[in-house]
Amino acid sequence: MTHNTAERRPQAQSPSRRFATSTKLGAAVMLVSSLVLGGSVGASAQPSAPGTEDPLSVLRGLTESSTSAELRVLDARAQASEHREIVPSTSHEPISLETPDGTLSIRVGDAADDGRDVGDGLTSYDVHGAEVVPIAKSDGGVQIVSISEDGDPLAFAYEFDVPDGADLHPLDGGGIAIGADVSDPIAVVAAPWAVDAAGESVSTEYVISGTTITQHVYPTAATEFPIVADPYVGYTWLRSYTWENSSRVRVEPTVLLRAACPPGNIPCWKLPTDWLWNELRDVQSATNRSKLGSSEYNQLYCHTVAVPYKSTYNLDTPTPDRGLAGFLANGCN
């Protein structure tokens with residue numbers, strides 16, 4: 001895998017478009033960020049109402065009003081030619097991801113026979129009246145977004161055809177690892193999320209049955225439709241890295257990594273941190289790999305736990321190892 005080492009600017013976010021966080025997830029973000037960075041993590045905000053327009057309008061509204069990377073569903077899209085290699089125009093054919101360990105195919109369960117063009121190169125499948133829109137991502141993964149105008153409860157089944165020897169393993173935080181061993185998965189399904197038209201989180205979970213993953217969404221009497229939800233399926237953790245000088249490396253993770261766990265959940269973040277760490281070390285020269293030891297690992301772990309939505313994670317190689325707790329108390333460096 002080739003990594004772009006050029007500097008990238010984080011996307012500007014207008015303070016007027018931020019929304020108060022009222023969920024336990026948001027509380028965890030604010031608690032940890034207050035310990036680590038003096039109290040500001042803009043990406044913990046909830047999105048605004050996506051509205052009740054056509055699917056593309058809903059997705060644009062969600063993207064424009066959200067600060068969390070995984071809710072900005074139209075960002076970081078693959079090129080049109082790459083999108084068509086991953087996402088077919090009809091549900092007769094599966095969504096297909098070419099991972100380094102083999103092909104991973106996904107079928108949208110109960111989808112109507114043919115998809116329909118909803119604009120901007122995207123295809124929607126009809127699933128019991130809901131819109132399901134797969135979006136290929138620039139990191140090689142796919143985000144399969146569902147838009148529901150009604151229903152209680154809601155369920156979306158995704159049938160996986162996995163390489164021989166691979167199984168589906170539930171992870172802390174609600175995600176799923178696909179592979180023979182969770183320590184080295186072929187691919188991962190990020191933790192589920194669902195949000196309603198008022199920008200409120202809606203309870204959701206994945207249920208595994210064989211090689212089928214069903215996302216269940218549980219609206220309440222207070223839920224405002226439409227509800228937008230997704231599984232994000234991918235297999236890369238490192239988007240880019242840059243050695244700013246001989247003693248500092250700046251790491252940019254993928255959206256998949258940022259969405260792996262709820263912020264603040266230390267046990268949940270252990271495996272994704274290991275996956276990112278291994279990928280980062282694998283692409284280094286021998287000289288730079290030797291600089292990445294326990295201190296740099298714990299700095300990385302601190303960033304994933306406390307500020308996963310931060311645009312880049314800076315790792316300082318001269319810094320003595322403070323342990324995870326020490327780095328959490330010291331701003332991660």
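Only a predicted model underlies this, so the values are computations on that prediction, with no experimental measurement involved. Atoms considered below: every heavy atom in the structure, side chains included; atoms not considered: hydrogens, waters and symmetry mates.
Side-chain N/O atoms of T312 and E252 include no donor and acceptor closer than 3.5 Å. Using a 3.5 Å distance cut-off with no hydrogens or angles, the side chains of Q215 and T204 do pair a donor with an acceptor.
Closest heavy-atom contact between G210 and L168: O-CD2, 4.1 Å.
By the side chain to side chain contact (heavy atoms under 4.5 Å, CB included) test, T220 is found to be paired with A222, T223, residues two or more places apart in sequence or in another chain being considered. For D167, the side-chain hydrogen bond (donor to acceptor under 3.5 Å, both in side chains) test picks out no residue, with sequence neighbours left out. Contacts of E159 classified as salt bridge (charged side-chain N to carboxylate O under 4.0 Å, His left out), with partners at least two apart in sequence or in another chain: none. Under the side chain to side chain contact (heavy atoms under 4.5 Å, CB included) criterion, D117 pairs with no residue, sequence neighbours left out. In this structure, S89 has no side-chain hydrogen bond (donor to acceptor under 3.5 Å, both in side chains) partners at least two apart in sequence or on a different chain. Partners of S295 under the side-chain hydrogen bond (donor to acceptor under 3.5 Å, both in side chains) rule, at least two apart in sequence or in another chain, are Q299. Every residue meeting the side chain to side chain contact (heavy atoms under 4.5 Å, CB included) condition with S294, not counting sequence neighbours, appears here in chain and number order: D321. Checked against side chain to side chain contact (heavy atoms under 4.5 Å, CB included), T273 has the following partners two or more places apart in sequence or in another chain: W269, Y297, L300, Y301, T304.
Annotation: side chain of I135 is not in contact with side chain of Y232 (no heavy-atom distance under 4.5 Å). For the pair P262/C268, a side-chain contact is recorded, criterion being any heavy-atom separation below 4.5 Å from C-beta on.
Under a 3.5 Å cut-off, the side chain of R258 and the backbone N or O of P308 do form a donor-acceptor pair. Counting only distance, with no hydrogens or angles, the side chain of S68 and the backbone of L71 share no donor-acceptor pair below 3.5 Å. Within the 3.5 Å criterion, the main-chain N or O of L74 finds a donor-acceptor partner in the side chain of T63.
Listed by first and then second residue, the side chain to side chain donor-acceptor pair (under 3.5 Å) pairs involving residues 172-193 are D181-S183, W193-D230 (not counting sequence neighbours). For residues 79-107, there are no salt bridge (charged side-chain N to carboxylate O under 4.0 Å, His left out) pairs, not counting sequence neighbours. Within the structure, every pair that satisfies the salt bridge (charged side-chain N to carboxylate O under 4.0 Å, His left out) test and touches residues 265-277, not counting sequence neighbours, is listed here: K270-D274. The ring pair (Phe, Tyr, Trp, His ring centres under 6.0 Å) pairs that include a residue from residues 157-179 number zero, where partners must be two or more places apart or lie in different chains.
Residues V207 and L154 are members of separate hydrophobic clusters, defined by side-chain heavy-atom contacts under 4.5 angstrom among Ile, Leu, Val, Met, Phe, Trp and Tyr. Residues L276 and Y235 are members of separate hydrophobic clusters, defined by side-chain heavy-atom contacts under 4.5 angstrom among Ile, Leu, Val, Met, Phe, Trp and Tyr.
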